[in-house]
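A quick write-up on the structure given underneath.
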Amino acid sequence: MTRPDAVIFDLDGTLIDSVPDIAAAVNTYLEDAGWPTQDNEVIGRLIGRGARALLKDIFMLIGHPADMAALDRAQSVYLANYAAEPASRTQLFPHVRDDLIALVQAGSRLGICTNKPHNLTLRVLEELNLSNLFDTVIGADLLPYCKPDPRHLLEVVRRMQVTEQAWIYVGDTEVDIKTAEAAGAIFRAVPWGGGGELELPDSQRLTRLSDLFKIEETGLGVHPA
């Protein structure tokens with residue numbers, strides 16, 4: 001049985017089902033502003049590129065003006081709504097906690113690369129009792145760039161000091177695939193979140209995170225910084 005030296009994860013849709021809390025924060029803004037609220041499923045399909053992109057996509061969907069000033073106001077209100085209840089409805093996907101613990105106990109180091117705002121990411125991890133499992137966490141606003149810019153992912157790698165070891169990136173969206181490809185990273189997709197809809201060969205799909213133990217060493221490789 002093998003394992004990667006380090007695993008870097010996307011967060012939303014990969015480790016946690018945060019759609020109910022994100023949708024509640026979005027819909028509170030929409031309702032207060034007099035715009036139609038949206039189903040969780042609709043909002044869930046738009047998550048992955050950060051708060052501003054999420055709101056812009058929703059605005060286009062409902063005909064809300066999407067100029068910079070409107071997006072600035074909406075983002076401020078949405079983030080305040082989300083910060084008020086960042087994890088009251090959020091749940092881990094099946095077996096995630098157990099499999100993360102097993103990876104750590106086996107010696108893998110774990111990191112997170114997410115387009116969720118950094119402070120909100122830290123709060124969600126704390127409320128879900130996950131914080132102690134991760135060496136490095138970098139949210140979207142901690143750097144001047146974010147996914148799919150590969151520098152976001154590579155900065156996580158740099159801070160974890162695993163650039164000379166075998167590491168792997170795990171996610172659930174096209175953004176994650178593009179990030180991994182641009183970074184020269186080996187990628188695996190989870191089956192939940194948006195992972196099941198990605199066009200990938202079976203060799204790049206996980207059934208659960210414990211499948212990371214089954215990756216052959218020749219399938220990991222060593223990634224440059």
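- Residues Thr14 and Phe93 are not in side-chain contact: their nearest non-hydrogen atoms beyond the backbone lie 4.5 Å or more apart.
- With sequence neighbours excluded, no residue forms a ring pair (Phe, Tyr, Trp, His ring centres under 6.0 Å) with Phe187.
- Checked by atom type and distance alone, the side chain of Asp67 pairs as donor or acceptor with a backbone atom of Ala69 at under 3.5 Å.
- Of the charged side-chain nitrogens involved, at least one lies within less than 4.0 Å of a carboxylate oxygen, so that Asp57 and Arg49 count as a salt-bridged pair.
- Side-chain atoms of Ser18 and Asp21 form no donor-acceptor pair, as typed in the model, at a separation below 3.5 Å.
- Considering all non-hydrogen atoms of both residues, Phe59 and Ala74 come closest at CZ-CB, 3.4 Å.
- A 4.5 Å side-chain heavy-atom check between Ser210 and His95 finds every atom pair outside the cut-off.
- For the pair Asp5 and Arg109, the salt-bridge criterion is not met [side-chain N within less than 4.0 Å of a carboxylate O].
- Arg52 and Gln75 share a donor-acceptor pair across their side chains, judged by distance under 3.5 Å alone.
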> When you look at Arg89 and Asp17, which way does the salt bridge (Lys or Arg N to Asp or Glu O under 4.0 Å) test go after all the steps?
Replying inline: CA-CA 9 Å; Arg89 308 167 186 83; Asp17 180 6; over 6 Å; no
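- Residues Asn81 and Tyr29 have side chains that never bring a donor and an acceptor to within less than 3.5 angstrom of each other.
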>> Checking Met160 against Val157 for the side chain to side chain contact (heavy atoms under 4.5 Å, CB included) test, could you report, in this order, the C-alpha distance in whole Å, the side-chain angles of both residues, the deciding distance, and whether it holds?
In response: CA-CA 5 Å; Met160 291 178 71; Val157 174; 5.9 Å; no
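- Proximity of Ile112 to Val156: side-chain heavy atoms (C-beta onward) are nowhere separated by under 4.5 Å.
- Atom CD1 of Ile47 is separated from atom CD1 of Ile22 by 3.5 Å, given to the nearest 0.5 angstrom.
- Arg188 contributes a side-chain N or O that, together with a main-chain N or O of Ser203, makes up a donor-acceptor pair within less than 3.5 Å.
- By the 4.5 Å heavy-atom criterion applied to side chains, Asp176 and Lys147 are counted as neighbours.
- Within the 4.5 Å cutoff, side-chain heavy atoms of Asn27 are placed close to those of Gln38.
- When every heavy atom of Leu30 is checked against every heavy atom of Thr37, the shortest pair comes out as CD1-CA, 4.1 Å.
- Checked by atom type and distance alone, the side chain of Arg158 never pairs as donor or acceptor with a backbone atom of Arg151 at under 3.5 Å.
- In terms of heavy atoms, Ile8 sits closest to Tyr169 at O-CD1, 3.1 Å.
- In terms of modelled atom types and a separation under 3.5 Å, the side chain of Arg73 and the main chain of Met68 share no donor-acceptor contact.
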>> Between Asn119 and Arg123, is the side chain to side chain contact (heavy atoms under 4.5 Å, CB included) condition met? List the steps.
In response: CA-CA 6 Å; Asn119 286 337; Arg123 285 191 58 196; 5.7 Å; no
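- Here the closest non-hydrogen pair linking Gly48 and Val175 is O-CG1, 4.0 Å.
- By the 4.5 Å heavy-atom criterion applied to side chains, Pro4 and Val7 are counted as neighbours.
- In terms of heavy atoms, Thr207 sits closest to Trp192 at O-CZ3, 3.8 Å.
- Within the 4.5 Å cutoff, side-chain heavy atoms of Tyr82 are placed close to those of Lys116.
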>> Run the side chain to side chain contact (heavy atoms under 4.5 Å, CB included) test on Ile138 and Thr136 for me, step by step, so that the C-alpha distance in whole Å, both residues' side-chain angles and the decisive distance to 0.1 Å come before the verdict.
In response: CA-CA 7 Å; Ile138 300 184; Thr136 300; 4.1 Å; yes
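- With values rounded to the nearest 0.5 angstrom, Leu15 atom CG is found 11.0 Å from Arg97 atom CZ.
- Here NZ of Lys178 is found 15.5 Å from CG of Leu153. Values are rounded to the nearest 0.5 Å.
- Asp99 contributes atom CG, which lies 8.5 Å from atom CG of Leu212 (distance to the nearest 0.5 angstrom).
- At a threshold of 4.5 Å between non-hydrogen side-chain atoms, the residues Glu155 and Leu143 count as touching.
- Note that CD of Glu127 is 9.0 Å distant from OG1 of Thr90, once rounded to the nearest 0.5 Å.
- Side-chain N or O atoms of Asp172 include one that pairs as donor or acceptor with a backbone N or O of Gly194 at under 3.5 Å.
- Here the straight-line distance linking atom OH of Tyr78 with atom CD1 of Ile58 works out to 8.0 Å at 0.5 Å rounding.
- Phe9 pairs with exactly one of Leu100, Val190, Thr114, Ile16 by the side chain to side chain contact (heavy atoms under 4.5 Å, CB included) rule, that one being Leu100.
- When the side chains of ILVMFWY residues are joined at heavy-atom separations under 4.5 Å, either directly or via intervening members, Met60 and Leu46 end up in two distinct hydrophobic clusters.
- The heavy-atom pair separating Leu110 from Val104 by the smallest distance is CD1-CG2, 3.5 Å.
- His152 places no side-chain N or O within donor-acceptor distance of the main-chain N or O of Cys146, the cut-off being under 3.5 Å.
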